[in-house]
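Here's the structure, in structure tokens; my notes come after.
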Amino acid sequence: MKPATQPLKITLTFPDGAQREFPRDTTGLEIAKGISPSLAKRTVAMALDGALVDLNDPITEDARIELISREDPRTLELIRHDCAHVLAEAVQTLWPGTQVTIGPVIENGFYYDFFRNEPFTPEDFDAIEKKMREIIARDRPFTKEVWDREKTKQVFRDKGEAFKVELVDAIPGDEPIKIYFQGDWFDLCRGPHMTSTGKIGGAFKLMKVAGAYWRGDSNNPMLTRIYGTAFAKQEELDTYLKQIEEAEKRDHRRLGRELDLFHFQEEGPGVVFWHPKGWTIFQQLISYMRRRLSSDYSEVNAPQILDKALWETSGHWDWYRENMFAAQSAGDEAEDKRWFALKPMNCPGHVQIFKHGLKSYRELPLRLAEFGVVHRYEPSGAMHGLMRVRGFTQDDAHIFCTESQLADECLKINELILSTYADFGFTGDLTVKLSTRPDKRVGTDEMWDHAERVMATVLQEIQSQGSNIKTAINPGEGAFYGPKFEYVLRDAIGRDWQCGTTQVDFNLPERFGAFYIDQDGSKKAPVMVHRAICGSMERFIGILIEHYAGNFPLWLAPMQAVVATITSEGDEYAKRVAAAARQAGLRVELDLRNEKINYKVREHSLAKIPALLVVGKKEAETHSVSVRRLGSDGQKVMPTTEALAALVDEATPPDVKRARAAAGA
RNA sequence: GCUGCCGUAGCUCAGUGGUAGAGCACUCCCUUGGUAAGGGAGAGGUCGACAGUUCAAUCCUGUCCGGCAGCACCA
């Protein structure tokens, strides 16, 4: 409640706890100057009760105040935002007539979207950056004015800035229209900004150009977006650029080729050719998941291709057709021209299995799992290595249960997902998002209300269980048949990937007339829960490749060790070592080539073979091997039996180790 | 799908309006060498596909296919 008359004095609390009174409407700059001129010079913004605002803003009420220097981590956002404005001014100076739109700060920098008939190219960057440095060197103050809404629109209309006019219209009526000047150039902006363009400094760089739809809608015109980044210090920019290089080195498409895991070719856009080594990883992953499922789930396999009629019943033909592959007999004479569709999802197949034979309430929850290969016609621009393909394998399952079992099943799945991610070393932050009803959907509002209510309760429960779990709501992002949880994991270099999902479905069983006989002898439609842990095995392997940078833990490594000889004198012994290793269950290769050991070490190191077992005359005589581990410089001579036992232990999958420990305890 | 860029040997890339080169990888020969590249020779390409311009196209133009970066979409 504000008092009827504004007080003339306000009390500000400084970070050290000191409190001082100032006349109302004193600006941050005046306060800084009052403390010391050098402080005023160093200060680029202030925070009132923790919120960053312009240093020149008059302070109207009591607050905690912090004077923010350029070195404060919170300033980074301002540097980038200021830099975006300078970019826009530079572009409009160099190419008059270019329309400006928006220029926000993003995770690693900023961008600005422009409208211009001629798109920009990276060759323009030098000229733009040069102009930006001029503007920064001019060091004009950022000043803010609050304009009348109609006047603002008129000014932008007169300047030919149609997009800005639209932006003004989008600002809620009760919000002020703020205009920031930097010299003569000005932009509509929420702020805040630093005190002048000179504070931006020189540690910025334009990164790339790309197209982007106006307001993120593919029905709107496409703008040209220029991405840039900026830091407080040059060293930080250099570090960032180096990080990008490192990330490129672990790109799964590059490592997939270098490590000979898989390939793509023109005839099969978005479908993977798995090579022996890549397929070994794939199989290890599937074996792992099978072990994790064995106690609760029954594995099934449903057909790859089914009559269109079935997809009409399921609703896919209506709601998902543009993503589906359809097929007919290719023979001209065939009179039977039925349309079939490749399955884009496994659920309808599993419902058929559930429906086969009468089910009793005693059989619920019935959990059917399938490593199901599905095909989806993804937009051409969406394809990205293993991360986004048109044919992929889901570690899919459908749980048929009663409504009262639903919440428990969701929590059980949650446990499985979290423990699986932990086994692969994804120990960073995890986000669980609840996606609610989309516009395009089947089922009644009552069904959706009910489903979303149950899910929201489960989400709360999940949240309360883990400290590194964040939760969020994605309104309108659900599947067309029901709301879903999406599990987003964070990899070794901080990137987020959506993998697991739990989707509640009150529609499909009913559509197919699936039911079970309840305790009272009546027919009831089961609730169906769709769920995947890895999501797509292809994508998950892509994530693993980048997460491990190709250095797989021994249990997943396609080739776990290579036995290499120094001279051909060691051949017989090397064969015995390799045979013993294989006998012990290790995936090993023998390298008897007439090459120098240096050459072999280099080659197998580049191939990221985890263990190199080198044998020469000495080892043969002492029944030992010289073990060189990937990533270490030296080597260690050990008795062969001991070396193999250690490798076998290390190669034991984490879940198997856990099971053994539990059995032993 | 949209905007921009790209497509030459398995990979990384040179190059030219008169039908092609390098390094690595591959094959063979010499070398038997203790922990990140020993030497030599050879083989390998209708220069993404199809049209057009031209006496002549890998090179210029167009269409298509595929890829890359974003956007949109999504496991």
Side-chain angles (χ1 to χ4, degrees), chain A residues 106 111 113 116 118-123 207-227 251 253-254 257-258 260 263-270 322-323 344-345 372 374 376-396 435 477 479 484 486-488 497-501 503 530 532-540 542-543 564-571 592-607 612-619 626-630 632-637:
Chain A
I106 50 174
Y111 66 78
D113 284 347
R116 177 180 175 231
E118 283 283 295
F120 300 101
T121 75
E123 281 84 71
M207 305 296 288
K208 55 196 169 198
V209 286
Y213 295 108
W214 166 236
R215 313 194 107 189
D217 187 334
S218 57
N219 297 313
N220 286 341
M222 182 144 285
L223 310 167
T224 301
R225 174 171 297 179
I226 297 181
Y227 284 93
D251 188 307
R253 294 165 299 184
R254 174 176 172 161
R257 188 175 59 238
E258 289 174 356
D260 195 19
H263 85 268
F264 292 91
Q265 63 187 50
E266 285 204 12
E267 292 86 344
E322 66 274 23
N323 288 302
M345 297 183 190
V374 296
R376 299 181 186 175
Y377 191 85
E378 298 292 343
S380 57
M383 257 109 66
H384 182 90
L386 295 176
M387 303 302 196
R388 203 61 193 281
V389 288
R390 283 182 176 162
F392 60 99
T393 311
Q394 292 182 309
D395 58 333
D396 206 358
S435 297
E477 299 285 314
K484 61 183 178 184
E486 290 175 352
Y487 287 77
V488 180
W497 299 99
Q498 200 224 300
C499 295
T501 179
Q503 312 182 353
H530 312 240
I533 314 295
C534 301
S536 142
M537 305 311 260
E538 283 78 359
R539 169 185 285 186
F540 202 72
I543 295 167
T565 50
I566 290 167
T567 70
S568 54
E569 278 181 307
D571 285 6
L592 304 180
R593 289 174 306 169
N594 177 11
E595 295 288 353
K596 287 193 170 160
I597 192 63
N598 296 39
Y599 182 88
K600 294 184 183 181
V601 166
R602 176 179 157 80
E603 201 173 65
H604 298 304
S605 299
L606 289 175
L612 195 52
L613 309 180
V614 175
V615 299
K617 208 173 170 186
K618 278 187 278 178
E619 287 77 10
S626 168
V627 182
R628 184 191 175 97
R629 295 303 302 260
L630 182 62
S632 68
D633 282 333
Q635 52 275 341
K636 195 173 159 194
V637 178

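We name chains A, B, ... by the order of the sequence lines, and we start the count at 1 in each one.
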Residues in side chain to side chain donor-acceptor pair (under 3.5 Å) contact with A/His263, at least two apart in sequence or another chain: A/Gln265, A/His275

Taking the side chain from A/Glu378 and the backbone from A/Val389, do they hold a donor-acceptor pair closer than 3.5 Å? no

N/O donor-acceptor pair under 3.5 Å between A/Glu619 side chain and A/Gly616 backbone: yes

Is a donor-acceptor contact shorter than 3.5 angstrom present between the side chain of [X] and the base of [N]?
{"X": "A/Thr224", "N": "B/rU3", "value": "no"}
{"X": "A/Glu619", "N": "B/rG34", "value": "yes"}
{"X": "A/Ser626", "N": "B/rU35", "value": "yes"}

Member of A/Tyr227, A/Tyr111, A/Phe120 meeting the side-chain contact (heavy atoms from CB on, under 4.5 Å) criterion with A/Val209: A/Phe120

Apply the side-chain contact (heavy atoms from CB on, under 4.5 Å) test between A/Leu386 and each candidate in A/Phe392, A/Phe264, A/Phe540; give the one that qualifies. A/Phe264

Any strand counts, and the cut-off is 3.5 Å on both contacts for Watson-Crick or G-U wobble. Which nucleotide pairs with [N]?
{"N": "B/rU46", "answer": "none"}
{"N": "B/rC74", "answer": "none"}
{"N": "B/rU61", "answer": "B/rA51"}
{"N": "B/rG23", "answer": "B/rC11"}

Counting the atoms with a prime plus P, OP1 and OP2 as sugar-phosphate, which does [X] contact under 4.0 Å by heavy atoms, base, sugar-phosphate, or nothing?
{"X": "A/Leu612", "result": "nothing"}
{"X": "A/Lys484", "result": "sugar-phosphate"}
{"X": "A/Cys534", "result": "nothing"}
{"X": "A/Val374", "result": "nothing"}
{"X": "A/Lys618", "result": "base"}

Which listed nucleotide (B/rG34, B/rG66, B/rA36) is nearest to the side chain of A/Arg602? B/rA36

Name the closest nucleotide to the A/Lys617 side chain, picking from B/rG34, B/rG38, B/rC74. B/rG34

In whole angstrom, what separates A/Glu266's CD from B/rC47's P? 14 Å

Expressed as a whole number of angstroms, how long is the span from A/Glu569:CD to B/rU32:C1'? 8 Å

Please give the distance between the P atoms of B/rU27 and B/rC50 as a whole number of Å. 32 Å

What pairs of nitrogen or oxygen atoms, one from the protein and one from nucleotides 67-73 of chain B, lie under 3.5 Å apart?
residue	atom	partner	partner atom	Å
B/rC68	OP1	A/Arg253	NH1	3.1
B/rA69	OP1	A/Arg253	NH1	3.4
B/rA69	OP1	A/Arg253	NH2	2.8
B/rA69	OP2	A/Arg253	NH1	3.3
B/rG70	O3'	A/Tyr227	OH	3.0
B/rG70	O2'	A/Tyr227	OH	3.0
B/rG70	N2	A/Gly211	O	3.3
B/rG70	N3	A/Gly211	O	3.3
B/rC71	O4'	A/Gly211	O	3.3
B/rC71	O2'	A/Tyr213	N	3.0
B/rC71	N4	A/Gly381	O	3.4
B/rA72	O2'	A/Ser218	OG	3.4
B/rC73	O2	A/Arg388	NH1	3.4
B/rC73	O2	A/Arg388	NH2	2.6
B/rC73	N3	A/Arg388	NH1	2.9

Is the closest basic N to carboxylate O distance between A/Asp251 and A/Arg253 below 4.0 Å? yes

Is the number of heavy atoms from other residues, nucleotides or ligands under 6.0 Å of A/Asp633 CG greater than 12? no

Tabulate protein N/O versus nucleotide N/O from nucleotides 22-28 of chain B, keeping only pairs under 3.5 Å, one per line.
residue	atom	partner	partner atom	Å
B/rA25	OP1	A/Tyr599	OH	3.3

